[in-house]
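Take a look at the structure below.
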2 protein chains.
Amino acid sequence: MTTPGRGLHGHVLDSLGPAITAGEYPPGSVLRTDELAQRFDVSRSVMREAVRVLESMRLVESRRRVGVTVRPKAEWNVYDPQVIRWRLAGADRPHQLRSLTVLRSAVEPVAAGLAARHASAAQCAELTECAIGMVANSRGHKLEEYLVHDMAFHRVILVASGNEMFARLGDVVAEVLAGRTHHEVMFEDPDPAAVTLHVQVAEAVREGDAARAEKLTREITVGALQELDILAS
Amino acid sequence: MTTPGRGLHGHVLDSLGPAITAGEYPPGSVLRTDELAQRFDVSRSVMREAVRVLESMRLVESRRRVGVTVRPKAEWNVYDPQVIRWRLAGADRPHQLRSLTVLRSAVEPVAAGLAARHASAAQCAELTECAIGMVANSRGHKLEEYLVHDMAFHRVILVASGNEMFARLGDVVAEVLAGRTHHEVMFEDPDPAAVTLHVQVAEAVREGDAARAEKLTREITVGALQELDILAS
DNA sequence: TGTGACATATAAGTCTGACTTTTTGTCCCC
DNA sequence: GGGGACAAAAAGTCAGACTTATATGTCACA
């Protein structure tokens, strides 16, 4: 992914982070820095750095004379990519995938609409390339190749929206798409209708038709919601 | 806000964070831990903890033999509440407000639709109370009181959506609303039409009319976009 | 002149131990 | 039983020595 396990404190985080986000330490649990340092066989300085990071993610709170207490889930920085990755890697995975898919359904249509207005020529070209790649790999069990182009497609849309907040969701969306292919039920070739929708979105963006790009993308995300049985009405 | 300036390293962050997010150190700038420790008159241990936090926010990258280099804006964890607060407090404020308002326009309508399906009786009651509070303070230059109820209203909607990712945007939305009242041009009483929309959203949610709640909320967010001259078509 | 191996300097990374500060629980006394 | 002083516990801070990785410069050799 990005740069995992860099330094000793990173190694500690790779152990503690998933454990906490998995609910292994229920909210209110108290950890002691010294004990943790011993357990992970690192110095207190290193342990303190790790705790500081967990604190900035609002997973824990460090108080004098008390120790390091685990915060309730509702206070976590759930948008921190690291936290998202930890949760996706653990028992919380299904729940996290649902949350993120709902988020996608809100954000991506609007992003596509904005992309139709702001996308550069290069971005339009890239988008079309992605769509072509998806079509080319939509049959014959070439799921991995399809996935690569699918992830790229959505990333381009989000970046081309021109909104930094949307752009930064590219990694998250990619993670969701990858999860669908790798862990969920997706043995067969992708739905041809979905592939067509992607091609049409690329068209709409190229033509600057914001309303159509938004509507088509909404259809894509509705499909994603249905896959997870998140059904409305 | 939450718990600012806790401990020495927190004090350092309160100085460094805003400076970096304000672009005071352009991307690629190199800082040295020792020099920073001297400058802020703290020990290296404390400085290292601060750097670790900045690193987890992806504002900087620490590499051996090089130093602490500032990352390009595109890599920052722009959803980190701390980063958002720093940017809102600095020169980037207008740009950040626009980004967040666009995000709101994507998320809040969908959240309102979900709230109509999932809101508890208590949440419906709270929502109605907020709407009443807004109406009661909509005339006579009682902007502060109006703001309190406005923030509460949107927070309830986001929480009642039942989606943790939406719920965690409550603070951000509150910050945007507060910003509009405190820093932007908003001397007069709020737009009566907007107040009515809020009342109607509360109604729709109470009645479980998801489509109407979503549509009405979309009208609210369109208004917010127009205030900032973010116009479509 | 270019290229590779090697040496060196540099800045982060780590560890240790001593000390400080804050908070909480307890116990004594009124 | 309540209030205040005291003691213990855990995080917080600091200073210094040492380790490790790595960018960069140097020099020999082709």
Side-chain angles (χ1 to χ4, degrees), chain A residues 1-17 19-20 25-72 75-77 82, chain B residues 2-17 19-20 25-72 75-76 82:
Chain A
M1 193 48 48
T2 45
T3 1
R6 265 215 342 200
L8 272 187
H9 93 285
H11 184 255
V12 170
L13 283 174
D14 288 341
S15 276
L16 256 190
I20 294 175
Y25 304 91
S29 303
V30 176
L31 312 171
R32 268 164 305 132
T33 307
D34 291 18
E35 188 209 310
L36 291 174
Q38 275 196 358
R39 171 135 59 98
F40 290 104
D41 194 39
V42 295
S43 67
R44 294 198 317 285
S45 343
V46 168
M47 197 59 220
R48 286 179 54 74
E49 289 171 23
V51 168
R52 285 287 179 247
V53 172
L54 293 174
E55 203 176 22
S56 91
M57 294 168 173
R58 305 190 71 76
L59 294 184
V60 303
E61 184 182 6
S62 178
R63 278 169 50 197
R64 273 179 151 129
R65 164 63 192 191
V66 171
V68 178
T69 66
V70 178
R71 283 180 184 270
E75 297 177 11
W76 296 352
N77 272 2
Q82 186 78 243
Chain B
T2 46
T3 1
R6 264 212 348 195
L8 271 187
H9 92 285
H11 186 253
V12 170
L13 284 174
D14 288 342
S15 275
L16 256 189
I20 294 175
Y25 304 91
S29 303
V30 176
L31 311 171
R32 269 164 303 133
T33 306
D34 291 18
E35 187 209 313
L36 290 175
Q38 276 198 358
R39 171 135 59 97
F40 290 104
D41 195 38
V42 295
S43 68
R44 285 190 313 130
S45 339
V46 168
M47 198 57 214
R48 287 180 54 74
E49 289 170 24
V51 168
R52 285 288 179 243
V53 172
L54 292 174
E55 203 176 23
S56 91
M57 294 169 175
R58 303 190 71 77
L59 294 183
V60 304
E61 185 182 5
S62 178
R63 277 169 53 198
R64 272 180 151 128
R65 164 64 192 189
V66 171
V68 178
T69 66
V70 178
R71 283 181 184 271
E75 297 178 11
W76 296 351
Q82 186 78 245

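Per chain, numbering begins at 1; letters A, B, ... match sequence-line order. None of these values were measured; they are calculated from a predicted model.
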ask   = Quick one: how far along DNA chain D does chain B reach, first to last nucleotide 5' to 3', anything under 4.0 Å to a heavy atom?
value =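 Using the under 4.0 Å cut-off, the span is D:dT13 to D:dT24.
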side-chain contact (heavy atoms from CB on, under 4.5 Å) against [X], all qualifying residues, sequence neighbours excluded:
X	result
A:E75	A:R71, A:P72
A:R65	none
A:V30	A:T69
B:S29	B:Y25, B:P26, B:V70

Qualifying salt bridge (charged side-chain N to carboxylate O under 4.0 Å, His left out) pairs, either residue in residues 34-47 of chain B, two or more places apart =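 Checked against salt bridge (charged side-chain N to carboxylate O under 4.0 Å, His left out) - neighbours excluded - the pairs reaching residues 34-47 of chain B are B:R32-B:E35.
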key: All salt bridge (charged side-chain N to carboxylate O under 4.0 Å, His left out) counterparts of B:R48, not counting sequence neighbours   =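 B:R48 satisfies salt bridge (charged side-chain N to carboxylate O under 4.0 Å, His left out) with A:E49 only.
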task = With sequence neighbours left out, write down each residue that passes side chain to side chain donor-acceptor pair (under 3.5 Å) with A:T33, or none if nothing qualifies.
result = none
key: Of A:V66 and B:V66, the one whose closest DNA chain C nucleotide lies more 5'   =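 Closer to the 5' end of DNA chain C: B:V66.
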message = Can you build the contact string for nucleotides 13-18 of chain C? Use B for base contact, S for sugar-phosphate-only contact, and - for no protein heavy atom under 4.0 Å.
response = BBBBBB
task = Would you mind reading off the distance between B:E35 atom CD and C:dA11 atom P, rounded to a whole angstrom?
result = 10 Å
ask   = Does A:E61 pair with B:R6 as a salt bridge, N-O distance under 4.0 Å?
value = yes
